[in-house]
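The block underneath contains the structure these notes are about, expressed in structure tokens.
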There are 2 protein chains.
Amino acid sequence: MTVTLADVAARARVSPATVSRVLNGNYPVAASTRERVLRAVDDLDYVLNGPASSLAAATSDLVGILVNDIADPFFGIMAGAAQTQIGGPGDGSGRAGGEKLAVICNTGGSPERELTYLTLLQRQRAAAVVLTGGAVEYPDHQAAMAAKLAKMADAGTRIVFCGRPPLPEGDALVAALAFDNRGGGRRLTEHLISLGHRRIGYVAGPPERTTTRHRLEGHREALRGAGLGAEDGDEERLTVHGPYDRRSGYEATLEILRRDPTVTAVVAANDTVALGACAAVRDQGLRIPQDISVAGFDDLPFSVDAVPALTTVRLPLFEAGARAGRLAMGKENPPPGGIATIAAELMIRGSTTPPRVG
Amino acid sequence: MTVTLADVAARARVSPATVSRVLNGNYPVAASTRERVLRAVDDLDYVLNGPASSLAAATSDLVGILVNDIADPFFGIMAGAAQTQIGGPGDGSGRAGGEKLAVICNTGGSPERELTYLTLLQRQRAAAVVLTGGAVEYPDHQAAMAAKLAKMADAGTRIVFCGRPPLPEGDALVAALAFDNRGGGRRLTEHLISLGHRRIGYVAGPPERTTTRHRLEGHREALRGAGLGAEDGDEERLTVHGPYDRRSGYEATLEILRRDPTVTAVVAANDTVALGACAAVRDQGLRIPQDISVAGFDDLPFSVDAVPALTTVRLPLFEAGARAGRLAMGKENPPPGGIATIAAELMIRGSTTPPRVG
DNA sequence: ACAGCCGTAGCAAGCGCTTTCTATACGAGA
DNA sequence: TCTCGTATAGAAAGCGCTTGCTACGGCTGT
């Protein structure tokens, strides 16, 4: 029922080998022959059998993109950008360089699913894998990831990290694009301090993620640099952890306000969390920024539309995703040392001002 | 170098056939044998060769999810929801029902890419395909899609539409979950009319998409139901089309305000566009909702956090996505007639009030 | 004019797995 | 005790494609 290479070959009166070569275009075929084959392909409406092809060639055209939460634009933007460099036509080059199937896999932030997807991708002999976003820092999981990735790299799969620090035992088998979360976090809090804030609440992400830790470390660096926090236990007291979602921002902010009603600013782990924080501040009858300044991280598209517009740290998500995509395709050389740090830019907007005196 | 089924078989002292059967679990194997095989698999760190398996079995465990723009939470939410029902473990059932690889393909709204992804999926002999969001209504493209989908369905691929109307020649080979965009659009505008608005601007999406058309039709139904718009040419004059993004909302709103400074309300094609509309209104020195009411569509997570909170039409994106995922897996029976319409719920919030008199 | 090349095309051997059909070894019923 | 059904395992034939190697003309160089 289904049309096979052999059918095409018969119709074009050539051998299957020739048809294969025409289709793959990596072997000299006379123009007249090629044309005949192409016509046959068209006439018969032939569609290559992917599995058979992958089996014979021992490679596939699948590229996996792992994300923690695809409903979050943070990941959506990176994944979409990566895909522009990988998938289908419209990548500018008009099918040159090879039609790969870029697929996005949503781990939901679960270490098990992350590993499972990697196995599935390994099964498919994926050409490359892009891992986006923060990693979970459980030693067991990290070891398992390292082992699996090493095995995949061995089998010829290109591994690219995007917005995630390289694994501890980061062999040269990967290229990594890491965001400067620590530096961004530091500058953001420094900004607040320079405005005159002294009691700053921090709504952190889940403690086990690298992103959370780095941003928090940056925050505390700034605090200590100004001689704040460390000695009087504020650091711990004014930090509340939670998932990277709006609700967590809302509740954590309420909690911070309860613990210390004198805070004059709240820094959120990311913009989505910041939105929740804003809602909480308002529900307490406080104004932003007059009573409390609020800041986020990432500079997602909606942040500029918040009222007041959100002060945040801009991460070039699209550019990073696109670069990761190019690395995955081997269109771009890996950065020296395999790892590049991507700068974060402070975006000062209306949601932060000096605190009211008294 | 790579471990194959035969290696496992040798180590377990059984035939390859037995190993295959243990792994697939669809044939009686003695417990002791199974255990021996499983141990060998473990010892050797064996990973199934997906392409080989798919080739031999003539099916694959790939499920494709096509989206127009993965950076948009509208699609992210649906895709993520669908994936929870399809991919990896954590789908509740603990690997029962079959570990499928749910992959998200980002078409960027381009008809060609849509078709290309379908071909790629067809190559891979995908088990199912979920198409989300509005479709482009170019006759040629629709015909091509219908032909391709029919062929895929013939080859055993399950086809599910999610938030998209079925194709004109919608054979029974698909299941479709369609949002009630027309009804939602109608009720939203009726709400505005009931508040007393008479001159209502409409920022529409790209004209060629079904979603755009249906929402706009609903809007106009409401207008006409109230005896507005049709006769005096307002319908056309107060409607501006553009892509589904913030910028378009901003610019279109400026244009509407220019065309008729007396409009008292602006309805946007979706929430993202509405955010842009809000920004434009503010930049004109007007207040929301006192001077101008603004409404969106979709009720994305950030909409409740807009200031004032956005009046919009809630679409159960997560539920619809999950249901589509289940349909794709054959875990749920298709709705009677193959098509189900999903209700839209009007969410009245702070961004809409009666217009100022005079 | 003849050997040797180059440009093309075909042959055939797999790639690693699934599955049908067959074989074997039991225990059970007669 | 003999035959037969049942449970379990193996043999082997592909699945559709890629690719190393061989074959075959016609051209070039001497």
Side-chain angles (χ1 to χ4, degrees), chain A residues 1-38 40-41 44-62 98-99 120 122-127 155-156, chain B residues 1-38 40-41 44-62 98-99 120 122-127 155-156:
Chain A
M1 223 243 61
T2 54
V3 182
T4 73
L5 235 212
D7 298 331
V8 175
R11 182 167 235 269
R13 324 192 112 273
V14 296
S15 73
T18 301
V19 177
S20 171
R21 299 204 257 245
V22 167
L23 262 23
N24 292 301
N26 46 18
Y27 190 90
V29 174
S32 65
T33 312
R34 155 175 297 113
E35 201 175 312
R36 203 145 31 89
V37 169
L38 257 18
V41 165
L44 262 30
D45 226 354
Y46 170 68
V47 176
L48 183 71
N49 182 314
S53 168
S54 299
L55 172 59
T59 64
S60 88
D61 53 5
L62 225 58
E99 204 95 319
L120 251 20
Q122 188 182 16
R123 270 208 205 337
Q124 302 300 329
R125 306 305 192 244
Chain B
M1 222 244 61
T2 54
V3 182
T4 72
L5 235 213
D7 299 330
V8 175
R11 183 165 234 270
R13 323 192 114 273
V14 295
S15 74
T18 301
V19 177
S20 171
R21 298 204 260 244
V22 167
L23 261 24
N24 291 301
N26 46 17
Y27 190 89
V29 174
S32 64
T33 311
R34 154 174 298 114
E35 201 175 310
R36 201 142 36 87
V37 169
L38 256 18
V41 165
L44 262 29
D45 227 354
Y46 170 69
V47 176
L48 182 72
N49 182 315
S53 168
S54 298
L55 172 58
T59 65
S60 87
D61 53 3
L62 225 58
E99 204 96 318
L120 251 20
Q122 187 182 16
R123 270 205 204 341
Q124 302 299 328
R125 308 305 193 241

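Within every chain, numbering begins at 1; the chains are lettered A, B, ... in the order of the sequence lines, protein sequences first and strands thereafter. Computed from a predicted model, the values in this text were never measured in an experiment.
- A distance of 11.5 Å separates CG of Leu23(A) from OG1 of Thr18(A), quoted to the nearest 0.5 Å.
- Across all strands, Ser54(A) comes closer than 4.0 Å to no nucleic acid atom at all (heavy-atom distances).
- Among Val37(B), Leu44(B), Val41(B), Val19(B), the one residue that satisfies the side chain to side chain contact (heavy atoms under 4.5 Å, CB included) test with Arg11(B) is Leu44(B).
- Ranking dA12(C), dG16(D), dT18(C) by closeness to the Thr2(A) side chain, first place goes to dG16(D).
- Per the geometry, CZ belonging to Arg125(B) stands 17 Å off C1' belonging to dC17(C), to the nearest Å.
- The CG-C1' distance, from Asp7(B) to dC17(C), rounds to 13 Å in whole Å.
- Of the residues near DNA chain D, Ala57(B) and Ala17(B), the one whose nearest nucleotide (by heavy atom distance) lies more toward the 5' end is Ala17(B).
- In terms of polar N and O atoms assigned as donor or acceptor, the side chain of Arg36(B) never comes within less than 3.5 Å of the base of dT8(D) in a complementary pairing.
- What separates CG of Leu55(A) from P of dC15(D) is a distance of 13 Å, to the nearest Å.
- Atoms CG (Leu5(B)) and C1' (dG10(D)) sit 14 Å apart, rounded to a whole Å.
- Evaluated for a side chain to side chain contact (heavy atoms under 4.5 Å, CB included) with Gln122(B), the options Leu48(A), Val47(A), Asn49(A) yield exactly one hit, Val47(A).
- As judged by a 4.0 angstrom heavy-atom cut-off over every strand, Ala58(A) is placed among residues making no nucleic acid contact.
- Rounding to whole angstrom units, CG of residue Asn26(A) and P of dG7(C) are separated by 16 Å.
- Side-chain proximity of Thr4(A) to dG16(D), dA9(C), dT19(D): nearest is dG16(D).
- Looking at which nucleotide of DNA chain C each of Ala52(B) and Thr18(B) is closest to, the 5′-most match is held by Ala52(B).
- Atom OH in Tyr27(B) sits roughly 12 Å away from atom C1' in dT18(C) (whole-Å rounding).
- We find that CZ of Arg21(B) is positioned 10 Å from P of dT19(C), with the value rounded to whole Å.
- For Ser53(B), a side-chain nitrogen or oxygen approaches OP1 or OP2 of dT18(C) to under 4.0 Å.
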* Evaluate the side chain to side chain contact (heavy atoms under 4.5 Å, CB included) criterion for residues Val8(A) and Thr4(A): first the C-alpha distance (whole Å), next the side-chain angles of each, then the deciding distance (0.1 Å), finally the verdict. => CA-CA 7 Å; Val8(A) 175; Thr4(A) 73; over 6 Å; no
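- Rounded to an integer number of Å, the gap from CG of Leu48(B) to P of dC15(C) is 16 Å.
- Put simply, OH on Tyr46(B) and CG on Leu38(B) are 12.5 Å apart, with the number rounded to the nearest 0.5 Å.
- At a threshold of 4.0 angstrom between heavy atoms, the contacts of Val19(B) with the nucleic acid are absent.
- Within the structure, a side-chain polar atom (N or O) of Asn24(A) is placed less than 4.0 Å from OP1 or OP2 of dT18(D).
- Toward the 5' end of DNA chain C, the nearer of the two residues Ala56(B) and Ser15(A), judged by each one's closest nucleotide, is Ser15(A).
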